Structure formats: structure tokens, C-alpha cells
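As the structure lists them, so they are numbered: ligands from 1, and atoms in each ligand from 1. In this text the structure is predicted, and so the values were computed from the model without any measurement. We're numbering straight along the sequence, starting at 1.
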Amino acid sequence: MKKGLLIILSGPSGVGKGTVREYIVKTNKIDITFSVSMTTRKPREGETDGVEYYFVSQEEFDRHVANGDFLEHASFVGNSYGTPKQAVEDLRNQGKNVFLEIEVNGATQVLNTVNDEGVISFFLMPPSIETLKKRIAGRRTESKEIIEKRVAKGMSEIKEADKYDYVIINDKVKTAGEKIIKIIQEKLA
Ligand code: 5GP
């Protein structure tokens with residue numbers, strides 16, 4: 001069986017990675033499986049353990065790090081996030097196309113360690129810095145301090161864009177989502 005693709009969607013905090021991912025799922029045009037990450041962040045309202053994330057304690061997370069269980073892991077604004085290695089490998093070996101929506105540090109680790117032909121990476125770019133700031137501030141679940149940290153981090157992350165196979169400007173979710181879908185479809189053809 002042909003190994004599934006490893007699709008990476010990254011980009012600065014607040015660029016709308018989650019929304020673009022949701023669009024891609026909703027259209028149902030490509031057969032992809034989402035990798036559920038592990039995080040030490042507390043669940044937000046409406047989030048369910050095992051669906052959006054596996055929510056774990058810092059101790060449990062650190063144990064997985066020590067065991068080498070993560071394909072990549074990174075700390076992001078005070079919390080840890082990681083992609084379970086075995087799950088991704090198993091899914092790809094079953095021919096499933098695995099989709100990772102992860103922040104830039106983690107994506108860099110994946111790009112540096114997994115270099116088979118089946119890796120395809122997208123960097124989602126905000127149309128402007130102003131848009132990025134507005135989008136982060138509009139997310140009212142976070143404190144002012146965290147919002148400022150996310151904006152600063154987002155600005156430095158934009159410098160990483162040229163490491164990716166494709167840079168996609170997220171002006172409109174539909175346009176960005178469709179561009180990504182088309183590129184994946186071409187790779188799968
Ligand atoms: P949030 O806390 O808003 O759900 O996610 C914060 C950031 O962590 C987002 O940029 C999201 O893409 C990223 N993220 C989610 N899961 C992972 C992961 O497994 N690894 C890494 N490196 N980043 C992740």
C-alpha cells in the first residue's frame with residue numbers, strides 16, 4: 001500500500017490556521033485524517049478531550065517527551081503542544097493522508113526530520129500585520145498580556161515562511177482553503 005502524505009499547515013498565531021483547517025474538512029473534497037495533538041493547555045469551552053486535543057498534565061507531557069513519543073513538540077505561550085509520533089506513522093502506513101495544523105517551531109522540527117517524498121508543507125500568511133493583530137485581539141478568550149505575546153511571536157514567525165513548499169495568503173478562508181485543496185489533489189493524482 002502506498003504510504004499516505006504528511007501535510008503540514010503552519011503559520012503565525014492568529015493567521016487563521018484553525019479556520020482554514022475547518023474549511024478543508026467541511027468541503028470533504030480530499031481524504032485526510034487529522035492528527036490529534038497533546039497539550040498542557042486547559043480545554044476551552046466546547047473542547048473535548050481526544051477531539052481537539054488530548055489534554056494532559058505537564059508531568060504526563062514531559063514523560064512522553066522523555067520517551068521520545070513526539071514527532072515534534074513545542075512550547076507555545078506558556079503551554080506545551082506535541083504531535084504523537086506513532087499515531088502519525090501508523091496512519092500513514094495505512095495509506096491515510098495525515099494533516100498537522102501546528103505552530104512554526106514544531107513545523108520546523110518536522111521539516112528537518114521527516115524528509116520523505118510524501119511531506120507537503122504550507123505556510124499560511126496573513127494579508128498584513130494589521131490583520132494579524134486584529135485577528136489575535138479579536139480572540140477574546142485570552143488576556144491582554146497573552147494577546148501581546150501572540151502578536152510578537154506571530155511577527156517573528158513570518159520570517160520562517162521560505163522553508164515551506166507553499167506560502168498561501170489567508171485573505172479569504174475559502175480562497176486559501178481551495179488553493180490548499182487543489183495542491184493536495186494534484187499531489188495525490
Ligand atoms: P491553541 O492553544 O490556540 O489551540 O493552539 C496554539 C498554537 O499551537 C496554534 O498555532 C496551533 O496550531 C499550535 N498547535 C496545536 N497543536 C500543536 C502540536 O501538536 N504541535 C505544535 N508544535 N503546535 C501545535
> Non-hydrogen atoms of R150 versus ligand 1: any pair closer than 4.0 Å?
Replying inline: yes
> At under 4.0 Å between heavy atoms, which part of R21 makes contact with ligand 1: side chain, backbone, both or neither?
Replying inline: neither
> Taking non-hydrogen atoms only, is R41 closer than 4.0 angstrom to ligand 1 via side chain, backbone, both or neither?
Replying inline: side chain
>> Please work out, at 4.0 Å between heavy atoms, whether the side chain, the backbone, both, or neither of M38 comes within that distance of ligand 1.
In response: neither
> Between I7 and V98, is any pair of side-chain heavy atoms under 4.5 Å apart?
Replying inline: no
> Should you measure from each heavy atom of G106, which atoms of ligand 1 turn up under 4.0 Å away?
Replying inline: 22 (N)
>> For Q58 and S80, which I'm curious about, is there any donor-acceptor pair between the side chains at under 3.5 Å?
In response: yes
> E101 heavy atoms, cut-off 4.0 Å: which ligand 1 atoms fall inside?
Replying inline: 11 (C), 12 (O), 14 (N), 15 (C), 16 (N)
> Would you say the side chains of S121 and D165 form a donor-acceptor pair under 3.5 Å?
Replying inline: yes
> With a 3.5 Å cut-off and no angle check, do the side chains of N105 and Q109 form a donor-acceptor pair?
Replying inline: no
> Cation over ring, R41 on Y81, under 6.0 Å and within 45°?
Replying inline: no
>> One residue to check: E52. Relative to ligand 1, which of side chain, backbone, both or neither has a non-hydrogen atom less than 4.0 Å away?
In response: neither
> At under 4.0 Å between heavy atoms, which part of R44 makes contact with ligand 1: side chain, backbone, both or neither?
Replying inline: side chain
> Is F70 near ligand 1, meaning one of its heavy atoms is under 4.0 Å from it?
Replying inline: no
>> Testing N170, I168, V167 one by one against M125 for a side-chain contact (heavy atoms from CB on, under 4.5 Å), which residue passes?
In response: V167
